[in-house]
Each structure stands twice: as C-alpha cells, then as structure tokens.
Amino acid sequence: MNIQIGNKALSWFKEEMDVNRGDAIRFFVRYGGSSPLHEGFSLGVTKDEPMEIGAQTEIDGIVYFVEQADLWYFDGHDLHVEYNEQLNEPRYQYVHPS
C-alpha cells in the first residue's frame with residue numbers, strides 16, 4: 001500500500017493540525033460514516049506516534065502512516081490524499097494499483 005499526499009493537502013495538515021518536522025500523522029479506521037470501500041466505516045486522521053506501521057510516506061520530515069492493524073480497511077488500495085477546497089478539508093481517494 002502506498003500513501004500519496006498532494007501539495008495543498010500537505011499545507012492543510014501543517015496549518016490546521018500544527019504539524020512540523022518530526023511529527024507523525026496517522027490515518028485510522030473509525031466506526032461510523034461510510035466510504036467507497038466499507039459501509040459503516042470511514043477514515044479518520046490524527047497527530048499520533050506510530051506503534052506498528054503498516055504503510056507510510058515521509059514528506060518534509062513528517063511521517064504520514066497507517067498502522068498495521070488498519071490495513072484491512074484499504075482492501076489492497078493505495079491512499080491518495082488531496083484537498084477539497086469547497087469543504088476546506090482533506091479528500092481521500094482509494095486507488096487500486098494497476
């Protein structure tokens with residue numbers, strides 16, 4: 001699984017979540033909501049320290065990651081994070097690698 005984050009989304013994390021070099025951002029599964037992959041579950045995001053990383057990318061000294069225990073949610077898809085200007089928040093896309 002790969003994690004890709006667009007430039008506008010990177011700026012959002014830095015500004016809205018006060019993320020700096022050396023910090024880590026975790027994408028996690030939460031009960032409730034829905035996604036194109038699983039009804040009744042959605043993706044959450046928090047500033048957190050990794051325990052058992054299942055997938056990660058590092059950009060500008062900031063680690064963006066998913067824990068091993070949450071990899072089931074992605075069902076073999078990569079995570080692409082972009083910025084939704086209308087909602088002023090990240091937008092998650094699940095892309096099956098070709």
Side-chain angles (χ1 to χ4, degrees):
M1 180 194 160
N2 293 307
I3 301 171
Q4 295 181 12
I5 304 177
N7 289 333
K8 288 184 179 181
L10 290 171
S11 294
W12 185 90
F13 286 116
K14 289 176 183 176
E15 293 170 17
E16 296 295 323
M17 296 186 75
D18 193 29
V19 179
N20 299 296
R21 183 174 291 278
D23 289 335
I25 294 292
R26 176 182 174 202
F27 300 103
F28 64 95
V29 179
R30 62 183 182 182
Y31 185 72
S34 66
S35 76
L37 299 178
H38 300 284
E39 186 65 34
F41 294 93
S42 58
L43 197 62
V45 62
T46 188
K47 197 182 205 180
D48 200 359
E49 291 296 319
M51 300 290 281
E52 187 177 351
I53 292 178
Q56 74 173 27
T57 190
E58 185 174 334
I59 303 169
D60 297 332
I62 301 165
V63 174
Y64 298 85
F65 72 99
V66 174
E67 290 285 352
Q68 183 71 33
D70 287 336
L71 286 180
W72 66 269
Y73 175 83
F74 297 93
D75 193 29
H77 292 76
D78 292 338
L79 174 63
H80 292 197
V81 183
E82 297 297 334
Y83 175 70
N84 183 324
E85 292 188 25
Q86 290 179 330
L87 298 177
N88 188 33
E89 65 184 24
R91 176 179 45 138
Y92 306 114
Q93 297 177 311
Y94 308 98
V95 179
H96 199 278
S98 305

Closest non-hydrogen atom pair between [X] and [Y], with its separation:
X: K47; Y: D18; result: NZ-O, 2.8 Å
X: A55; Y: M1; result: CB-O, 3.7 Å
X: F28; Y: V45; result: CE2-N, 3.3 Å
X: N88; Y: W12; result: O-NE1, 3.2 Å
X: V81; Y: P90; result: CG1-CB, 4.0 Å
X: P97; Y: H77; result: CD-CA, 4.3 Å

Going through the checks in order, is the side chain to side chain contact (heavy atoms under 4.5 Å, CB included) test met by Y73 and V66?
-> CA-CA 10 Å; Y73 175 83; V66 174; over 6 Å; no

Residues two or more places apart in sequence or in another chain: which of them pass side chain to side chain contact (heavy atoms under 4.5 Å, CB included) with [X]?
X: E49; value: none
X: D60; value: K14
X: T57; value: I3, I5, I59, Y64
X: E58; value: V63

Short side-chain to backbone donor-acceptor contact, K8 and E85, under 3.5 Å = no

Any sub-3.5 Å donor-acceptor pair from Q93's side-chain atoms to E82's backbone N or O?
->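 Looks like no, no N/O pair under 3.5 Å.
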
Name all pairs fulfilling the salt bridge (charged side-chain N to carboxylate O under 4.0 Å, His left out) condition that reach into residues 87-98, sequence neighbours left out, sorted by first residue then second.
-> none

Side chain to side chain contact (heavy atoms under 4.5 Å, CB included) assessment of W72 paired with V29 | CA-CA 9 Å; W72 66 269; V29 179; 3.6 Å; yes

Can you tell me how far CD of Q68 sits from CD1 of I53, rounded to the nearest 0.5 angstrom?
-> 10.5 Å

Separation between CG (N2) and CZ (F74), nearest 0.5 Å, reads 12.0 Å

Please step through side chain to side chain contact (heavy atoms under 4.5 Å, CB included) for the pair D23 and M17, ending with a clear verdict.
-> CA-CA 10 Å; D23 289 335; M17 296 186 75; over 6 Å; no

Would you please name every residue forming a ring pair (Phe, Tyr, Trp, His ring centres under 6.0 Å) with H80, sequence neighbours left out?
->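 H80 satisfies ring pair (Phe, Tyr, Trp, His ring centres under 6.0 Å) with no other residue.
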
Would a hydrophobic clustering, with Ile, Leu, Val, Met, Phe, Trp and Tyr connected at side-chain separations under 4.5 Å, put F13 with F65?
->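 No, F13 does not connect to F65 through the hydrophobic network.
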
Side chain to side chain contact (heavy atoms under 4.5 Å, CB included) between N7 and Y83: does it pass, once the steps are laid out?
-> CA-CA 8 Å; N7 289 333; Y83 175 70; over 6 Å; no

